[in-house]
Amino acid sequence: MTIGQTEVTMQLYSIASGSSGNCIYAGKEDEGILFDVGISMKKVREGLEAQNLSFDNVKAIFITHEHTDHISGLGPVLRKVPIPVYATAGTVHAIWEKGNMNNIAPELFHFIRAGEEIELNDMLIKSFPISHDAAEPVCYTLEGEEHKIGIATDLGCYTEEIIRSLEDCNSVLLEANHDINLLQVGSYPYSLKMRILGERGHLSNDASARLIKEILHPGLQHIILGHLSKENNFPELAYQTVSYELEKCETWNRMNTELLVANRFEPTRMVTIESD
């Protein structure tokens, strides 16, 4: 997407990512979007301030789905800062049914449809449907100038549509939720294990590596592994598992893509897309 004649630098910044809470900032140097607010307002503010940003730089909030680790801080933020919120109708209704939107104007919420494109402040946000056990979940890509960022977590499986949505991204935050062996021998009840492993659950480290192979291209500069399970994964294991699988791929070995793992409770280093 070309906007005027001014080059736009695009950035991806994980303020928190994991089963304990998720909040991602993406956009230009001086304005962007928050994707999910599953942490406290204090942590969001501190994360923004660490990059010399504030809520004034946030032009909208896009919600993927209504699970607590993605919306727990939404109410407190909106009570202080009236930022427009975009989500599918099913997600918005589910958020309000949770009953924590007291003293918040319903007019702040805007319905979107899976597959819809929204243009805000010279940024194009596209949603795409995902398979997860929520009301009407989606994930997003964000485009500015010739650059594209993808944010894709809470995927029970990946589809051709998800591959198409992510295959031309320059930076991607992608789920690597669990190690299958750790999950199988862990303390979770059998029903919860089956939910996580099912097609409406979460991507394993191995599945994440397979999806990355599907979206590799020369312009892919950064991959951030996110939404790690606290009980069934840890950063070194996710990194090593994905790296091991990717190193078998000739395409990967010809690339200079940076592989990172998002921190659970604190911000991860901001990545900036470099122009050709």
Side-chain angles (χ1 to χ4, degrees), residues 1 3 7-18 21-39 43-44 46-55 57-64 70 86 118 120-128 138-155 162 165-176 203 208 211-212 215-228 235 238-239 242 255-276:
M1 177 173 128
I3 304 160
E7 182 178 317
V8 178
T9 299
M10 298 293 288
Q11 299 174 319
L12 174 61
Y13 178 46
S14 173
I15 298 175
S17 181
N22 298 272
C23 185
I24 311 300
Y25 177 90
K28 300 181 286 186
E29 290 177 298
D30 58 346
E31 58 185 11
I33 308 294
L34 282 182
F35 294 91
D36 292 332
V37 187
I39 57 176
K43 287 186 176 180
V44 178
E46 290 174 349
L48 292 172
E49 289 176 349
Q51 296 295 330
N52 296 315
L53 298 168
S54 73
F55 283 109
N57 301 102
V58 177
K59 302 309 174 185
I61 298 171
F62 281 74
I63 301 296
T64 59
H70 295 262
Y86 294 80
I118 304 292
L120 294 172
N121 293 62
D122 293 339
M123 296 178 286
L124 186 68
I125 302 94
K126 298 181 182 179
S127 63
F128 54 92
V138 293
C139 281
Y140 299 99
T141 61
L142 182 149
E143 298 179 51
E145 192 65 30
E146 299 299 326
H147 300 150
K148 183 176 178 181
I149 291 169
I151 298 168
T153 66
D154 298 78
L155 311 176
I162 290 173
S165 297
L166 300 176
E167 64 185 0
D168 56 347
C169 287
N170 303 108
S171 298
V172 177
L173 187 143
L174 181 65
E175 177 171 56
L203 279 194
S208 183
L211 176 51
I212 291 170
I215 64 172
L216 288 179
H217 67 98
L220 181 58
Q221 298 182 20
H222 315 99
I223 299 169
I224 304 176
L225 303 178
H227 209 296
L228 273 65
Y239 182 89
V242 172
M255 296 170 58
N256 293 315
T257 307
E258 183 177 20
L259 181 66
L260 305 168
V261 180
N263 292 318
R264 172 182 300 279
F265 297 113
E266 59 187 38
T268 304
R269 175 173 60 83
M270 178 181 280
V271 299
T272 300
I273 300 172
E274 302 294 335
S275 300
D276 295 333

Value for CD1 (I33) from CZ (F62), rounded to nearest 0.5 Å, stands at 5.5 Å
Distance only, no hydrogens: is a donor on one side chain within 3.5 Å (strictly under) of an acceptor on the other, for H227 and T153?
no
Distance col, row I162:CD1 vs T141:OG1, nearest 0.5 angstrom, shows 12.0 Å
Rounded to the nearest 0.5 Å, the OH atom of Y25 sits from the CD atom of E31 at a distance of 7.5 Å
| said: Could you check whether any side-chain N or O of K28 sits under 3.5 Å from a backbone N or O of D122, counting only pairs where one atom can act as donor and the other as acceptor? | reply: no
In this structure, NE2 of H217 is separated from CE of M255 (nearest 0.5 Å) by 7.0 Å
Note: F128 and I151 closest approach over all heavy atoms is CZ-O, 4.2 Å
Margin query: Keeping E175 on the side-chain end and L155 on the backbone end, is there a donor-acceptor pair under 3.5 Å?
Written below: yes
The side-chain contact (heavy atoms from CB on, under 4.5 Å) partners of D36 (sequence neighbours excluded) come to I63, T64, H70
- Do side-chain atoms of N170 reach the backbone of L220 as a donor and acceptor pair under 3.5 angstrom? no
Side chain proximity check, I24 to I15, heavy atoms < 4.5 angstrom = no
### Task
Determine, stepwise, if the pair D154 / L203 fulfils side-chain contact (heavy atoms from CB on, under 4.5 Å).
CA-CA 7 Å; D154 298 78; L203 279 194; over 6 Å; no
TODO: Flag the pair I223 / I212 as yes when at least one side-chain heavy-atom distance between them is below 4.5 Å, and no otherwise.
DONE: yes
Per side-chain contact (heavy atoms from CB on, under 4.5 Å), L225 is matched among L260, V172, L259 by L259
Fill in: Any donor-acceptor N/O pair, N22 side chain to G18 backbone, under 3.5 Å
yes
Residues passing the side-chain hydrogen bond (donor to acceptor under 3.5 Å, both in side chains) test with E258, sequence neighbours excluded, are R269
Q) Are the side chains of L174 and L211 in touch, meaning some heavy atoms are under 4.5 Å apart? A) yes
Taking the side chain as every heavy atom from C-beta outward, state whether I215 and C169 have any atom pair closer than 4.5 Å.
no
Practice prompt. Answer whether the closest heavy-atom distance between the side chains of Y86 and L120 falls below 4.5 Å.
Written response: yes
Sorted by chain and residue number, the ring pair (Phe, Tyr, Trp, His ring centres under 6.0 Å) partners of Y13 (sequence neighbours excluded) come out as none
Exercise for the section: Verify the distance criterion only: is there a donor paired with an acceptor across the side chains of S171 and Q221 at less than 3.5 Å? Expected result: no
Flag, side chain of H147 to backbone of T272, donor-acceptor distance under 3.5 Å: no
Decide side-chain contact (heavy atoms from CB on, under 4.5 Å) for F55 and V44; before the verdict, give the C-alpha distance in whole Å, the side-chain angles of both, and the deciding distance to 0.1 Å. CA-CA 9 Å; F55 283 109; V44 178; 3.7 Å; yes
L228 backbone acceptor or donor facing R264 side chain under 3.5 Å: yes
OG1 of T257 to CG of L216, rounded to nearest 0.5 Å, is 6.5 Å
If we only count heavy atoms from C-beta on, is the K126 to E143 side-chain gap below 4.5 Å? yes
Notebook entry, point to check: Are side-chain heavy atoms of L173 and L12 found at a separation under 4.5 Å?
Noted result: yes
Here the gap from N263 atom CG to T268 atom OG1, rounded to the nearest 0.5 Å, amounts to 4.0 Å
- Item | Any donor-acceptor pair under 3.5 Å from S17 side chain to A262 backbone | no
